[in-house]
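The block underneath contains the structure these notes are about, expressed in structure tokens.
Below, chains carry the letters A, B, ... as their sequence lines are ordered, and counting in each starts from 1.
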Amino acid sequence: MNRAVDLVIIGGGSAGLSAAKSAYENGLKDILIIERSSELGGILNQCIHNGFGLHKFKEELTGPEYAYKYISFIKENNIPYLLDTLVYSISPKNKEITYSNSEEGYTTLKYKALIFAAGCNERTQGQIMTPGERPNGVFTAGLAQRYLNIDGYLVGKNVYILGSGDIGLIMARRMKLEGANVIGVSEIMPYSNGLNRNIVQCLNDFNIPLRLHNTVTKIHGKNQLEGITISDVDDDLNPIKGSEEFIKCDTLLLSIGLYPFNAMLKNSGAKVNLETKGAYVDQNLETSLDSIFSCGNVLHVHDLVDYVSLESEIAGKNAAKLVLEGRKIYDKVILTSHNENMSYLLPNEIKVYDSVENILFSFRVKKPISKAEILFKDENGNIIEKFNKVDLLPSEMVQLNVSDLPLNDINSLKVEVRAL
Amino acid sequence: MSLNKNKDVFDCLIIGGGVIGCSIARYLSRFNINAILLEKHSDVCEEVSSANSAIVHSGYDPKPGTLKAKFNVLGNKMMEQVCKDLDVPYIKNGSLTIGFNGDDKKTILELIERAKINGVKARFIEKDELHNMEPNLNEECLCALYAEDSAIVSPFELTIAFMENAMDNGVKLSLDSEVINIERDIDNGLYHVYTNKDEFIAKSLVNATGLYSDKILSLIEKPSYKINPRKGEYILLDHFNANFVKHTLFMCPTKVGKGVLVSPTTSYNYIIGPSNELTDIEDTSTDFETLNEIKEVASKLIKNIPYGEVIRTFAGTRPNPDTDDFIIEESKENPLFFNVGGIMSPGLASSPAIGEYVSNLIKEKLNLSENLDYNPIRRKVFKLTSLGKDKYNELIKKDPTYGHIICRCEKVSEGEIIDSIHRNCGARTIKGVKKRLRAGFGKCQGCFCQEEVLKILARELNVDINQIRYKDEGSEILKYPSKGE
Ligand SMILES: Cc1cc2nc3c(=O)[nH]c(=O)nc-3n(C[C@H](O)[C@H](O)[C@H](O)COP(=O)(O)OP(=O)(O)OC[C@H]3O[C@@H](n4cnc5c(N)ncnc54)[C@H](O)[C@@H]3O)c2cc1C
Ligand SMILES: Cc1cc2nc3c(=O)[nH]c(=O)nc-3n(C[C@H](O)[C@H](O)[C@H](O)COP(=O)(O)OP(=O)(O)OC[C@H]3O[C@@H](n4cnc5c(N)ncnc54)[C@H](O)[C@@H]3O)c2cc1C
């Protein structure tokens, strides 16, 4: 069977849903959302804790409640979506995708625009090469969260957590409340990788110790996890001999980072941003491939769903405009760069049209900076815009909506974060 | 506890469900025989056969005249057809044994002479041709021995397919059955084999217990050899680029050792290793120092290996006998007790030849007749990736579960998982599904699909979800129900 739509959205998580809503509100009606799992909402469905929507809706929602706001919009407006359907491949040359499900089989679909919103993956034991055996009992925190919140089971009762990512912190509290013994958290960096509020509310309030500059150096047990060895690390993050400590546990949760699930886009020939591992994009979130946009965790990993929505609205709006109004001519392309205090900066380039709108910049700092200035500089080092910010943390992505940059007058743009 | 006594007298009982035991079972099923295989784990292929380099060596390397040389060369010749019949992934990618200096060149020329004696095709390759064949090689790679008949195979699928095919042809399988004692009745010569829950009686026994073959032998006589386990650690990369390395790259052996290899696998992942360390028999752990050493040695072959693509590290243990050759013989003290022990590398490559040889031996001794119904073909595994669009859609029309993809990294459908559970020697655990279909073997290592696989297993095996295990007893995934809110 061959089909065609104006806009196809790959992924029905908060990014895909927000993008769909915004495309629809911008006048595009022929949309199809394709979601691999059996419901819309993506990762939000398993985040039953509070803390979503503070920025966007000014109220504290759970993950499913936040998702519901968008899902009901999709349903009320009869925006079509497919569930239990996996997108296999994208062919940018033919503007086609292939997908598969039980009803239609292996199907080819033509699109005019595509939004890639496939979310992120959790890093695993293998990726960080944690040595030792490979028993049951080592789970990514997100999988353990799913088993607990969706299926109603704990994967163990004596729990250690590697990595201070937010999901791990939230699971520390969740398992503690379920009666598990949460022994502690090790973080290899000298600072935590989770949101501050999660450190306080999930660890401190429950007296769960956080060991910084410490990591798991051996996994014990052949069939079922029997324990782990943890060690302090030096400034190069190498384990320090003699600092080993054995900890008996039946569960090790990994919360050691997320990475964009970008392989399909990369394999389709999209340029990759080596710092985020997501796509290289312009300010409209269009990738290097014609009419293909990317947003949400597959573009770069977000900590807050509110920011996912804000970003995805940009992709949705611009995809709609592209389909409805056709491609506009731009005068020039300005490449962006950043300084050594930042781990990445989006967008990677700015296309300068006659009417330039607001530009959403996103970045992370490499190290905590308590008082910072953010400088926007042209190719000659002249400051063209400046902001002050406090409490910048690697774990908290910064979004800045900037208007009125003198884009016609500059040829490149460097963003710098400096400690004050 | 009273033992569950099996009334059957088996013609043959095989101990050990590695590639060797399963191959013997498969070739035995060519005859009219009442045979059973006992395996202590919850699945076959859980020990040596599950953690190795997966190379079907060409056979130039073993010393001429040894059993290793004989069965390796034969096994290599048989493997392609075996994999066709059993629908097992196999790629004849050829191997390059690489030299870095004049000494190595000399060794390579000697190895080419040895290849001639073993009857194996081997050719000397100069630098230019070498770098044309493998553009990502380190500049310092000088020359190589090219063995075009070297291949790669999926060791899990091979072992499982041997067992499945054996069962299709009538052999029985008993899992979770650890043999703890063996007795021979001197009156009638029958063997009594005890596990912790069953007693089995058999006319003949095959000891194919890998690392434990000397211990099993010692249950009945003084072993003539001793296994000295040696561990090999590996680093596994994702299938990020099918052209990164095409051949199996060995390093020319030197006085210091055999170096490490870099090779594609049948799913175009890349395997780097193994180390070679004396070890405790139960130890398959990896460690920082060794993994770093492997990286350093491997950089001699390929400079910029993208370690950002690592998805797993693992280790296997070599069942190296102190005799330095395979032990494949009938016991002199205990008739009809066949020892197939110390099957070190190239045991995987040799497995079809060993299976055929041992089963023929048993046939003669027991005077077995041909099984006229024997079917060497295993029912094909429907892989979406290999069927092509039209055939695939026909399949989905008949069985819609094939359209529902569960593992997004390796593109495995619900239909394939259901099929893998209901075949002979079917999957019963999360790891079992992984070994058969690669669901959970990809980049995300199952963080996305494990839950769905677990539910399919529970549904198809008709048990509660909290009964589903990762591997053996005690590794149930869902351990305690939540309090609920
Ligand atoms: C475990 C976790 C906990 C979090 N906790 C919080 C929190 O407490 N507070 C907060 O504000 N934010 C939190 N976040 C951040 C935020 O909620 C998420 O980043 C956001 O929901 C991500 O949205 P997304 O659409 O980019 O990704 P996802 O929600 O992951 O959606 C991507 C969707 O794409 C689908 N998909 C992928 N590939 C394909 C394909 N090939 N074909 C079809 N469909 C496909 C997936 O099935 C998935 O449903 C958390 C994030 C994670 C990962
Ligand atoms: C690091 C490494 C790399 C290798 N690379 C290659 C290669 O590239 N090419 C190649 O050809 N070969 C290679 N080999 C060798 C190859 O893997 C082995 O020769 C082969 O797998 C041995 O198979 P097996 O059946 O004898 O042993 P196993 O697979 O260990 O099978 C023995 C079985 O017996 C069972 N068992 C043991 N005791 C009992 C008991 N008491 N009761 C019931 N069951 C029992 C075990 O659970 C096990 O399943 C390599 C080996 C290693 C370790």
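Inter-residue side-chain proximity for A:Glu122 and B:Cys444 is flagged as unmet; no heavy-atom pair is nearer than 4.5 Å. Within the 4.5 Å cutoff, the side chain of B:Leu291 has heavy atoms near those of the A:Met129 side chain. Annotation: side chain of A:Val155 is not in contact with side chain of B:Glu476 (no heavy-atom distance under 4.5 Å). A heavy-atom distance below 4.5 Å is not found between the side chains of A:Thr124 and B:Ile311. A:Glu133 has its side chain within reach of B:Asp283: a pair of non-hydrogen atoms, C-beta onward, lies under 4.5 Å apart. Inter-residue side-chain proximity for A:Arg36 and B:Ile405 is flagged as unmet; no heavy-atom pair is nearer than 4.5 Å. The shortest side-chain heavy-atom distance between B:Phe448 and A:Leu143 does not fall under the 4.5 Å cut-off. Between A:Gln127 and B:Lys443, the closest side-chain pair of non-hydrogen atoms falls below 4.5 Å.
For a residue to count as touching a neighbouring chain, one of its non-hydrogen atoms must lie under 4.5 Å from one of that chain's; by this rule A:Lys218 touches chain B with the side chain only. With a threshold of 4.5 angstrom between heavy atoms, A:Thr251 does not approach chain B through any atom at all. Contact annotation for A:Asn238: neither backbone nor side-chain heavy atoms come within less than 4.5 Å of a heavy atom of chain B. If you measure heavy-atom distances from A:Ala118 to chain B, the contacts under 4.5 Å come from the backbone alone. The part of B:Glu452 that comes within reach of chain A is its side chain, from C-beta onward, which places non-hydrogen atoms under 4.5 angstrom from that chain. Using a 4.5 Å cut-off between heavy atoms, B:Ile235 contacts chain A through its side chain alone, with no backbone atom that close. Heavy atoms of B:Ile430 lying under 4.5 Å from chain A are absent altogether. In this structure, no portion of B:Leu395 lies under 4.5 Å from any heavy atom of chain A. Only the side chain of A:Lys266 comes within contact range of chain B, with heavy atoms under 4.5 Å apart. For chain A, no part of B:Tyr307 is nearby; none of its heavy atoms comes within less than 4.5 Å. Residue contact with chain A, scored on non-hydrogen atoms closer than 4.5 Å, is absent for B:Glu46.
Once rounded to the nearest 0.5 Å, the distance linking NZ of B:Lys479 with CG of A:Asp250 reads 6.5 Å. The line from CG of A:Asp84 to NE2 of B:His404 is 4.0 Å long, rounded to the nearest 0.5 Å. Atom OG in B:Ser482 sits 11.5 Å away from atom CG in A:Leu177 (nearest 0.5 Å). Distance check: A:Leu254 CG to B:Cys447 SG gives 9.0 Å after rounding to the nearest 0.5 Å. Note that CZ of B:Phe288 is 7.0 Å distant from OG1 of A:Thr130, once rounded to the nearest 0.5 Å. Rounding to the nearest 0.5 Å places OG of A:Ser102 at 13.5 Å from NZ of B:Lys397.
For the residue pair A:Phe261 and B:Cys409, the shortest heavy atom distance occurs at CE1-SG, 4.4 Å. When all heavy atoms are compared, the tightest approach of B:Asp464 to A:Tyr153 is OD2-OH, 3.6 Å. Contact record, A:Ile150 with B:Glu451: CG2-OE2, 4.1 Å, taken as the closest heavy-atom pair. Pairing each heavy atom of B:Ile477 with each of A:Asn136, the nearest pair is CD1-OD1, 3.6 Å. In terms of heavy atoms, B:Thr313 sits closest to A:Arg134 at O-CD, 3.3 Å. What you find for A:Tyr106 and B:Asn393 is that their closest heavy atoms are N-OD1, 2.6 Å.
Figure legend: cation-pi geometry between B:Arg408 and A:Tyr88 absent, as NZ or CZ is not positioned both under 6.0 Å from the six-membered ring centre and within 45° of its axis.
When the candidates B:Leu236, B:Val310, B:Asn241, B:Thr401 are compared by the number of heavy-atom contacts under 4.5 Å with chain A, B:Val310 comes out ahead. Most heavy-atom pairs under 4.5 Å with chain B: of the set A:Gly137, A:Pro239, A:Gly132, this distinction falls to A:Gly132. When the candidates B:Asp238, B:Thr286, B:Asp399 are compared by the number of heavy-atom contacts under 4.5 Å with chain A, B:Thr286 comes out ahead. Counting heavy-atom pairs closer than 4.5 Å to chain B, the top residue among A:Thr98, A:Leu154, A:Asn267, A:Thr140 is A:Leu154. Per-residue heavy-atom pair counts under 4.5 Å with chain B were compared for A:Leu225, A:Asn101, A:Leu86, A:Asn223, and the maximum is reached by A:Asn223. Taking chain A as the reference chain and counting heavy-atom pairs below 4.5 Å, the highest number among B:Pro400, B:Ala315, B:Gly446 is found for B:Pro400. Comparing B:Gly403, B:Ser413, B:Gly474 by how many heavy-atom pairs each has under 4.5 Å with chain A, the most go to B:Gly403. Taking B:Thr284, B:Leu454, B:Asp287 one by one and counting their heavy-atom pairs under 4.5 Å with chain A, the maximum is reached by B:Thr284.
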Please assess B:Glu289 against A:Lys241 for the test salt bridge (charged side-chain N to carboxylate O under 4.0 Å, His left out), listing each intermediate value before the final yes or no. CA-CA 12 Å; B:Glu289 289 78 16; A:Lys241 279 238 150 60; 3.3 Å; yes
What verdict does the side-chain hydrogen bond (donor to acceptor under 3.5 Å, both in side chains) test give for B:Gln450 and A:Tyr147, after you've listed the backbone C-alpha separation in whole Å, the side-chain angles of each residue and the deciding distance to 0.1 Å? CA-CA 10 Å; B:Gln450 192 191 74; A:Tyr147 281 137; 2.7 Å; yes
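Within a 6.0 Å radius of CG in B:Asp280, other residues, nucleotides and ligands contribute more than 12 heavy atoms. Under a cut-off of 6.0 angstrom, the local environment of CG in A:Asn94 is crowded, with over 12 non-hydrogen atoms contributed by other residues, nucleotides or ligands.
A:Ser100 and B:Tyr392 are linked by a side-chain donor-acceptor pair at a separation below 3.5 angstrom, with hydrogens and angles left out of the test. Side chain to side chain, A:Glu178 and B:Tyr480 fail the donor-acceptor criterion of an N or O pair below 3.5 Å.
Note on B:Lys455 versus A:Asp151: salt bridge recorded, some NZ/NE/NH1/NH2 to OD/OE distance being below 4.0 Å.
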